Amino acid sequence: MTSKLLSTGVDMPAVRNVVLFRRMASMPEFKQVIGRGTRLCPEIGKESFDIIDFVEATRLFEDRAFDGPPLRLLQETTDEQGALVDVEDVTPPTEAPDDDGESVAEPQAEFEEQDGGSFAPDGGDNDTVTDEDEIDRIQARGRRYRVRGVDVYKMGERRYQLADDGLSMRLVSVEQWVHDQVLELDLDPARLRTQWARAKSRAALMEALREADIDVEELPEELGKPDVDPVDLLVSAAWEGLAVVSRDERLTWFRREHEEFMDSFGAQAREVLEAMLVKFAEAGSPQLKVDTLKVPPFDSMGRVVDLAARFGGARQAHEAIDQLATRLLTGA
């Protein structure tokens with residue numbers, strides 16, 4: 001069962017484990033997802049549940065308005081390689097028992113309200129880390145790289161940009177990171193789609209984004225939209241408000257609007273283009289290139305040179321696939 005399903009009102013008291021693979025910036029959604037595990041189920045003896053968090057989504061528990069102060073506060077110490085060497089319980093003391101030996105009901109740990117940076121993972125301008133120990137931890141454990149002269153540290157799905165003063169870091173969400181890097185390409189949506197449609201210029205764009213630590217082919221899974229093509233996700237992230245459609249919806253539209261284009265090719269060439277559309281449905285637009293003719297199912301149809309000959313040669317094959325991609329990706 002996915003956390004997305006858990007957030008839509010399903011009532012399953014027997015849920016014992018809530019596993020988080022996707023980051024959440026919405027506190028209401030986080031409450032709904034976690035709340036699905038809080039149902040008691042005496043029929044099976046369920047009085048508790050476990051949260052298994054792979055993406056640090058449980059940082060949202062730090063909202064005192066939601067969860068109050070922590071019952072236990074642990075301080076971890078690591079060596080220079082980031083390995084854990086010590087764990088100290090630094091939980092503030094609670095109220096002592098009454099004289100009759102009975103503890104006070106619902107004791108609360110003492111805590112002091114302090115100013116500090118926000119750790120909410122929404123990529124806003126106020127998501128700044130200023131704590132020196134936290135910055136040291138990020139620098140020790142994160143993967144460091146430079147993007148356009150700026151030091152960036154990556155930990156899991158989170159990215160932290162080091163400020164010019166070297167004393168603070170800005171937390172950037174995946175969506176915000178993609179937004180910023182796509183805009184650095186200095187293209188409008190139409191030009192981005194046009195360049196993306198042609199295999200040669202698409203490869204250049206993918207390389208530019210890879211240098212900015214964006215793996216385009218992994219982007220649909222990373223953003224939780226595996227059925228949407230990477231170019232649609234790039235456009236949507238950079239220019240908010242533009243609707244996205246699934247690859248299946250694009251394919252349906254293409255078959256309806258561009259039947260004449262497909263019919264303009266001979267039967268053997270059309271067979272190759274039909275198989276290319278299947279590859280698009282399975283793996284997205286990065287597969288729309290002549291090099292894909294080296295992999296299944298094309299390798300069982302003949303050698304690359306033989307498949308290109310169906311179009312009249314290598315140049316014509318490149319052009320036919322680029323035209324297919326242009327109609328498929330720039331419309332709808």
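Small disclaimer: the values here were computed from a predicted structure and weren't measured. Sequence positions, counted from 1, serve as the residue numbers for this chain.
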State, yes or no, whether a side-chain contact exists between Leu273 and Phe311 at a heavy-atom distance under 4.5 Å. yes

Starting from the C-alpha separation in whole Å, work towards a yes-or-no answer on side chain to side chain contact (heavy atoms under 4.5 Å, CB included) for Arg39 and Val15. CA-CA 8 Å; Arg39 270 73 163 170; Val15 171; over 6 Å; no

Considering all heavy atoms, the nearest Trp239-Pro189 contact: CD2-CG, 3.5 Å

Can you tell me how far the CG atom of Leu187 sits from the CG atom of Leu205, to the nearest 0.5 Å? 6.5 Å

Verify the cluster assignment for Leu183 and Val172: are they in a single hydrophobic cluster under the rule of side-chain heavy atoms below 4.5 Å apart? yes

Is there a donor-acceptor pair closer than 3.5 Å between any side-chain N or O of Asp188 and the backbone N or O of Arg191? yes

Between Trp253 and His258, is the gap from one ring center to the other below 6.0 Å? yes

Hey, does Ile44 have a side-chain heavy atom less than 4.5 Å from the side chain of Arg16? yes

Close side-chain approach of Arg193 and Asp232, heavy atoms under 4.5 Å: yes

Would you confirm whether Lys289, through its side chain, and Ala203, through its main-chain N or O, come within 3.5 Å as a donor-acceptor pair? no

Mind checking the CD-CG spacing from Gln323 to Leu328? Nearest 0.5 Å is all I need. 13.5 Å

Closest heavy-atom pair and its distance - Cys41, Pro13: CB-O, 3.5 Å

For the CD atom on Glu47, are there more than 12 heavy atoms of other groups (residues, nucleotides or ligands in this structure) within a distance under 6.0 Å? no

Any side-chain heavy atom of Arg255 within less than 4.5 Å of one from Met262? no

Do Asp50 side-chain atoms and Asn17 backbone N/O form a donor-acceptor pair below 3.5 Å? no

When you measure from the side chain of Arg250 to the backbone of Val245, do you find a donor-acceptor pair of N or O atoms at a distance under 3.5 Å? no

Is it the case that the side chain of Glu249 and the backbone of Ser246 share a donor-acceptor pair, with hydrogens and angles ignored and the cut-off at 3.5 Å? yes

Check each of Gln268, Gln316, Glu271 against Arg310 using the side chain to side chain donor-acceptor pair (under 3.5 Å) test, and report the only one that passes. Glu271

Kindly say whether Gln287 contributes a backbone atom to a donor-acceptor pair with the side chain of Thr292 at under 3.5 angstrom? yes

Count the heavy atoms belonging to other residues, nucleotides or ligands that lie under 6.0 Å from CG of Asp291, then report whether that count exceeds 12. yes

Rounded to the nearest 0.5 Å, the NZ atom of Lys279 sits from the CZ atom of Phe298 at a distance of 7.0 Å

Heavy-atom nearest pair, Ser236 first then Val244, reads CB-CG1, 3.3 Å

Side chain to side chain contact (heavy atoms under 4.5 Å, CB included) assessment of Val178 paired with Glu175: CA-CA 5 Å; Val178 175; Glu175 293 83 355; over 6 Å; no

Nearest atoms (heavy-atom pairs only) where Trp177 meets Ala212: NE1-O, 2.9 Å

Might you work through the side chain to side chain contact (heavy atoms under 4.5 Å, CB included) test for Val152 and Asp213, ending with a clear yes or no? CA-CA 10 Å; Val152 179; Asp213 194 48; over 6 Å; no

Going from CZ on Phe254 to CZ on Arg327, what distance comes out if it is rounded to the nearest 0.5 angstrom? 7.5 Å

Stepwise side chain to side chain contact (heavy atoms under 4.5 Å, CB included) test for Val272 and Leu293: CA-CA 9 Å; Val272 174; Leu293 300 180; 3.8 Å; yes

Report yes if some heavy atom in the side chain of Leu233 is under 4.5 Å from a heavy atom in the side chain of Pro220; otherwise report no. yes

At what distance, to the nearest 0.5 angstrom, does OG1 of Thr326 lie from CG of Leu288? 9.5 Å

Is it true that atom CZ of Arg315 has more than 12 heavy atoms of other residues, nucleotides or ligands lying nearer than 6.0 Å? no

Single-linkage hydrophobic cluster Ile51~Val33, side-chain heavy atoms < 4.5 angstrom: yes

Measure the spacing between CD1 of Ile321 and CZ of Arg198 and express it to the nearest 0.5 Å. 11.5 Å

Does Glu217 reach the side chain of Pro230, with side-chain heavy atoms less than 4.5 Å apart? no

Does any non-hydrogen side-chain atom of Leu192 lie less than 4.5 Å from one of Val235? yes

Check whether Arg247 reaches the backbone of Phe280 with its side chain - one donor and one acceptor, N or O, closer than 3.5 Å. yes

In this structure, would Val228 and Val278 fall into the same cluster of hydrophobic residues linked by side-chain contacts under 4.5 Å? no

Measuring only between side-chain heavy atoms, which start at C-beta, is Leu324 closer than 4.5 Å to Leu277? yes

Spell out, as yes or no, whether a donor-acceptor pair under 3.5 Å connects the side chain of Arg202 to the backbone of Ala197. yes

Kindly give the heavy-atom pair with the smallest separation between Leu251 and Ala281, and that separation in Å. CD2-CB, 3.9 Å

If we ignore hydrogens and angles and just use 3.5 Å, is the side chain of Lys294 paired with the main-chain N or O of Val304 as donor and acceptor? no

Is atom NZ of Lys225 surrounded by more than 12 heavy atoms (other residues, nucleotides or ligands) closer than 6.0 Å? no

In terms of side-chain heavy atoms, does Ser285 have a donor or acceptor partner in Trp196 at a distance below 3.5 Å? yes

Shared hydrophobic cluster, Val18 / Leu40 (ILVMFWY, side-chain heavy atoms < 4.5 Å): no

Take atom CD of Glu260 as the centre, draw a 6.0 Å sphere, and report whether it contains more than 12 heavy atoms from other residues, nucleotides or ligands. no

